[in-house]
Amino acid sequence: MNWQSTTGNQVAELIGAELHGDSHELVRPAAIWDADGGSLCFLVMEPSWGDDIYKRPGLVIASPEIVEVLRNENCAAIGHEAPKFAFCKAVHTLMRPPVQPGIHESAILGPDVKLGEDVSIGPFCVLQGQTELGDGVVLEAGVTLYNSVAIGSGTTIRSGARIGYDPFSFGVAADGEGYPFPAYGGVKIGSFVEIFHNVSIARGNAGDTVLSDWVRVGNNAHIGNTAEIGIGAMVCAQTDISAEVRIGRRCWIGQSAAIRQKLEIGNNTTVGMGAVVVENVPSDVTVTGVPARAWDRFGA
């Protein structure tokens, strides 16, 4: 990737922190062991410099307690309580080349689709029904949006995602005869959401399926009808979230977890990898296992 250049002063201003040392031109993000004088790096723990294994980067965003260590090694540094976050923000905002807006000639857009400014729609996308994209939305190749989907500004949806299809819901007789439920809800996706490859999101039966701002959804995850996911939640790859589940703010749902329908997951809660959640989970806890149970340092 051809990164855009920035400077130490621009990074410091963006993240609201003080620059210690000179403001170098920064032309690429790098791991600290692969750095040079034009690199932007981050550190959480004090490095072991060894026999000059670690090169001297142009700027390190570091935990505040190790800024002095870096300055003693003649490294320009910025202290931040969340170095990885600040590093990612700086790279995304100042160094990542912008996606070029436009609609690929192979994309298919229905007559009722509404587009904001600077939207990018990749090859073989299909947008149907009452679909609306906010400013700066990016759809990679092969994304399909069905029925009623509203997507907020700055959101990215990666290749192969399917959003807004009729849910897996049926009326079934005792002898097995059954018919699909006549769903009429939609999907509402907030701003700055990241939905990765081959994610499936069903529309609501009556109400909407809702993903709030800053939600992240990993590859091959499934989100059932009328589910609601709170601000800043992270849903990892291959997770299965059933219908009408409510997930709180800033939750972490681990890879391949499964959550039974109509359950509530509180704010700031972690669901461990492969956990099967069969009852409501309160805020500020970690649950793991099959069935999932609250974890503490004694394993209870």
Side-chain angles (χ1 to χ4, degrees), residues 140 142-149 151 155-172 178 180-181 183 185-190 193-283 285-295:
E140 292 187 349
V143 172
T144 305
L145 307 179
Y146 305 81
N147 297 308
S148 176
V149 179
I151 301 176
T155 286
T156 297
I157 301 178
R158 303 198 182 278
S159 300
R162 299 288 184 266
I163 300 173
Y165 55 86
D166 289 345
F168 189 79
S169 181
F170 302 87
V172 182
F181 190 90
V187 177
K188 295 189 182 302
I189 297 172
V193 172
E194 294 265 355
I195 296 173
F196 274 63
H197 308 88
N198 302 319
V199 167
S200 299
I201 303 175
R203 68 166 167 166
N205 274 342
D208 294 322
T209 303
V210 178
L211 279 66
S212 302
D213 297 348
W214 299 107
V215 166
R216 304 289 186 264
V217 183
N219 296 339
N220 299 297
H222 165 258
I223 298 174
N225 82 81
T226 330
E228 295 184 9
I229 302 178
I231 293 173
M234 186 83 69
V235 178
C236 294
Q238 299 176 326
T239 293
D240 185 7
I241 297 172
S242 296
E244 301 181 56
V245 167
R246 304 290 183 268
I247 294 176
R249 300 185 302 274
R250 297 180 302 277
C251 288
W252 179 284
I253 312 299
Q255 180 179 346
S256 302
I259 303 175
R260 195 183 69 184
Q261 65 184 20
K262 298 187 178 182
L263 294 182
E264 294 189 7
I265 310 295
N267 299 327
N268 306 304
T269 282
T270 297
V271 175
M273 181 173 62
V276 177
V277 181
V278 296
E279 58 185 19
N280 292 336
V281 179
S283 297
V285 302
T286 295
V287 295
T288 60
V290 181
R293 297 187 303 167
W295 178 91

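When a residue number appears, it is its place in the shown sequence, counting from 1. None of the values given here were measured: they were computed from a predicted structure.
Taking every heavy atom of both residues into account, C236 and A221 meet most closely at O-CB, 4.0 Å. Residue Y165 comes nearest to Y146 through the heavy atom pair N-CD1, 3.7 Å, listed as atom of the first residue, atom of the second, then distance. The two residues G230 and V215 make their nearest non-hydrogen contact at O-CG2, 3.2 Å.
Atom-to-atom distance recorded for K188:NZ and E228:CD is 11.5 Å, nearest 0.5 angstrom. Distance check: N220 CG to D240 CG gives 12.0 Å after rounding to the nearest 0.5 Å. For the atom pair I229 CD1 and M234 CE, the distance stands at 12.0 Å (nearest 0.5 Å). Atom CG of N198 and atom CZ of R158 lie 12.5 Å apart (nearest 0.5 Å). Residue I157 holds its CD1 atom at 10.0 Å from CD of E140, rounded to the nearest 0.5 Å.
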Item to check | Test log, rule side-chain contact (heavy atoms from CB on, under 4.5 Å), inputs V187 and T209 | outcome: CA-CA 5 Å; V187 177; T209 303; 4.2 Å; yes
Checklist entry - Could you walk me through whether V281 and V271 pass the side-chain contact (heavy atoms from CB on, under 4.5 Å) check? => result CA-CA 9 Å; V281 179; V271 175; 5.5 Å; no
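The pair E194-R216 fails the salt-bridge criterion, with no side-chain N (NZ, NE, NH1 or NH2) lying under 4.0 Å from an Asp/Glu carboxylate O. Taking the charged nitrogens against the carboxylate oxygens, D208 and R203 have no contact shorter than 4.0 Å, which rules out a salt bridge.
Between I163 and I189 the shortest side-chain heavy-atom distance falls below 4.5 Å. Between I195 and L211, some side-chain heavy-atom pair lies under the 4.5 Å cut-off.
The backbone N or O of G164 sits less than 3.5 Å from a side-chain atom of N147, completing a donor-acceptor pair. Within the 3.5 Å criterion, the main-chain N or O of V278 finds a donor-acceptor partner in the side chain of R260. Here the side chain of T155 pairs a donor or acceptor atom with the backbone of G190 at under 3.5 angstrom.
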Please tabulate, for the side chains in residues 241-259, all donor-acceptor contacts under 3.5 angstrom to protein atoms that are two or more places apart in sequence or on a different chain.
from : atom 1 : to   : atom 2 : distance (Å)
S242 : OG     : I259 : O      : 3.1
R246 : NH1    : T226 : O      : 2.8
R246 : NH1    : E244 : O      : 3.0
R250 : NE     : N268 : OD1    : 2.9
R250 : NH2    : N268 : OD1    : 3.3
S256 : OG     : Q238 : OE1    : 3.4

